[in-house]
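A quick write-up on the structure given underneath.
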Amino acid sequence: MKQLLLPTISLLAMLYLSSCTTDAAQHDATTTSDVQVVGAMRNVMWKGELAGTIDLDSLSDKTHLYGLGPVEYLAGELLILDGKSYKSVATSDTSMRVEETFDVKAPFFVYAQVPSWRERMLPDSIRTLQQLELYLDSETQHSTRPFAFRVSGEVEQATIHIVNLPAGSTVSSPDEAHQGQVNYELHQVEADLVGFFSTEHKAVFTHHDTYMHLHLITKDRSQMGHLDAVTFKPGTLKLYLPEV
């Protein structure tokens, strides 16, 4: 009788430990800052796959969420900042409309849940996107990649754009994808930037000539778009990297 009980007890112990391990893994999955990618930029730009591959409403219950991408059919820009989702659309060559909504789809989207951040002042020497990219690459050589990051502070000048593809257009190249795009110049504004850095995702969620994809939103939430160029104001910028 004892010989029969021992295997049974061992089996129950193994099942219990397996259950604990699974529960722990599921808990970790909800608290990590791992980057998730849906769709791919190359499929939109070269294959014309403009329809939404993700409904942002499916992410609305996630805490500490950050993300970015375009609106489906390239009809605007999207940004999620600490669980709040913003959509911007061009209304003229000089104006835009920004609204807070999860009721929107994207043809590709990158996002991460970041429960906590490490904050530091950005060195005064970092004033452009190119300098920021080099700095991030140098400072995160031993960190998990890809990763989300934030920058907050004063911007002396910035160029942002909103994709604004005419309805019914077909796309088979980046040039065609940017038909109707509206560029906006910003001056002397306080802003929040959400970005994603990766050396392995060119044409997936970054363009072919950069390791970064960033969207900028002004502090008053009245302007938001894809960040093309920037001049940071020295001494005002804080950089936030995911807590390891």
Side-chain angles (χ1 to χ4, degrees), residues 41 44-45 66-71 73-81 84-101 104 106 108-110 121-136 148-167 169 171 173-197 205-240:
M41 184 184 293
V44 177
M45 301 295 184
Y66 299 81
L68 52 82
V71 176
Y73 301 106
L74 303 182
E77 302 288 345
L78 297 168
L79 169 66
I80 297 179
L81 173 59
K84 292 186 177 181
S85 177
Y86 299 93
K87 169 188 172 184
S88 64
V89 296
T91 53
S92 76
D93 289 344
T94 58
S95 64
M96 67 176 72
R97 183 176 70 254
V98 179
E99 61 178 313
E100 187 177 331
T101 180
V104 64
F108 72 88
F109 201 75
V110 55
M121 291 301 296
L122 200 62
D124 290 352
S125 58
I126 310 302
R127 303 201 61 196
T128 68
L129 287 181
Q130 292 75 19
Q131 291 168 342
L132 177 62
E133 182 176 285
L134 290 172
Y135 179 76
L136 287 174
F149 65 94
R150 295 167 49 210
V151 177
S152 180
E154 295 182 42
V155 170
E156 292 182 358
Q157 182 277 333
T159 303
I160 62 175
H161 77 244
I162 296 177
V163 286
N164 187 39
L165 190 69
S169 298
V171 168
S173 72
D175 286 342
E176 292 180 353
H178 289 95
Q179 295 176 76
Q181 174 180 301
V182 182
N183 300 321
Y184 300 88
E185 297 295 326
L186 309 181
H187 299 277
Q188 307 299 331
V189 296
E190 290 193 23
D192 291 307
L193 283 60
V194 173
F196 287 81
F197 182 99
F205 65 76
T206 73
H207 288 286
H208 70 281
D209 57 352
T210 179
Y211 294 150
M212 303 189 304
H213 188 163
L214 297 97
H215 284 192
L216 174 153
I217 187 167
T218 55
K219 285 287 188 181
D220 64 6
R221 306 308 189 233
S222 66
Q223 295 175 294
M224 185 272 284
H226 175 101
L227 184 60
D228 293 315
V230 70
T231 303
F232 295 124
K233 184 175 181 179
T236 70
L237 276 297
K238 291 182 179 180
L239 171 67
Y240 300 85

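Position 1 is the first residue of the sequence; numbering continues from there. Side chains included, hydrogens not; waters and symmetry mates left out as well; all remaining heavy atoms used. Computed from a prediction, not measured in an experiment: that's the story for all the values here.
- The minimum heavy-atom distance linking Phe109 with Gly67 is given by the pair CZ-C, 3.6 Å.
- Taking 4.0 Å as the cut-off between side-chain N and carboxylate O, Lys233 and Glu154 count as a salt-bridged pair.
- Between Arg221 and Glu100, every side-chain heavy-atom pair lies at or beyond the 4.5 Å cut-off.
- Across Leu216, Leu237, Leu239, Leu79, a single residue satisfies side-chain contact (heavy atoms from CB on, under 4.5 Å) together with Leu193, and that is Leu216.
- Residues Leu214 and Phe149 are in side-chain contact: their nearest non-hydrogen atoms beyond the backbone lie under 4.5 Å apart.
- Without hydrogens or angle criteria, Asp192 side chain to Ser152 main chain gives no donor-acceptor distance under 3.5 Å.
- Shown here for Ser222 and Val98, the closest heavy-atom pair between the two residues is O-CG2, 3.4 Å.
- For the pair Glu156 and His187, the minimum side-chain heavy-atom distance is 4.5 Å or more.
- Residue Leu122 holds its CG atom at 12.5 Å from NZ of Lys238, rounded to the nearest 0.5 Å.
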Inset, instruction - With side chain to side chain donor-acceptor pair (under 3.5 Å) as the test, would you mind laying out the steps for Glu176 and Ser169 before giving the verdict? - result: CA-CA 9 Å; Glu176 292 180 353; Ser169 298; over 6 Å; no

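- Here the closest non-hydrogen pair linking His226 and His215 is CA-CD2, 3.5 Å.
- For the pair Ser88 (side chain) and Met224 (backbone), a donor-acceptor distance under 3.5 Å is present.
- Taken to the nearest 0.5 Å, the OH atom of Tyr184 stands 13.0 Å off from the OG1 atom of Thr159.
- The shortest side-chain heavy-atom distance between Ile160 and Met96 falls under the 4.5 Å cut-off.
- In this structure the side chain of Met45 reaches within 4.5 angstrom of the side chain of His178, judged on heavy atoms.
- Partners of Phe232 according to the ring-ring contact (aromatic ring centres under 6.0 Å, His included) rule, which considers only residues two or more places apart in sequence or in another chain, do not exist here.
- Contact between Leu78 and Pro70 at its shortest, heavy atoms only, is CD1-O, 3.5 Å.
- A donor-acceptor pair under 3.5 Å is formed between the side chain of Thr218 and the backbone N or O of Gln223.
- Leu165 is listed as a side-chain neighbour of Val171, based on a closest heavy-atom distance under 4.5 Å.
- Within the 4.5 Å cutoff, side-chain heavy atoms of Gln131 are placed close to those of Ile126.
- Ring geometry for Phe197 against Tyr211 counts as perpendicular: the plane angle is over 60°, on a 0 to 90° scale with 30° as the lower cut.
- Note that CD1 of Ile162 is 6.5 Å distant from CD of Glu77, once rounded to the nearest 0.5 Å.
- Residues Leu132 and Val230 fail the side-chain proximity criterion, which asks for heavy atoms closer than 4.5 Å.
- If you check the side chains of Asp175 and Ser173, you find no donor sitting under 3.5 Å from an acceptor.
- A pairwise comparison of heavy atoms in Ala90 and Val182 identifies CB-CG2, 3.7 Å as the closest pair.
- Asn183 and Gln181 share a donor-acceptor pair across their side chains, judged by distance under 3.5 Å alone.
- To the nearest 0.5 Å, the span separating CG on Leu227 from CD1 on Ile217 amounts to 13.0 Å.
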Inset, instruction - Any chance you could lay out the side-chain contact (heavy atoms from CB on, under 4.5 Å) test for Ile80 and Tyr86, step after step, and finish with the verdict? - result: CA-CA 6 Å; Ile80 297 179; Tyr86 299 93; over 6 Å; no

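- Here the straight-line distance linking atom CZ of Arg127 with atom CG of Asp124 works out to 8.5 Å at 0.5 Å rounding.
- Nearest heavy atoms, Leu68 versus Gly195: CD2-CA, 4.3 Å.
- Annotation: the span from Asp220 atom CG to Glu190 atom CD amounts to 10.0 Å, rounded to 0.5 Å.
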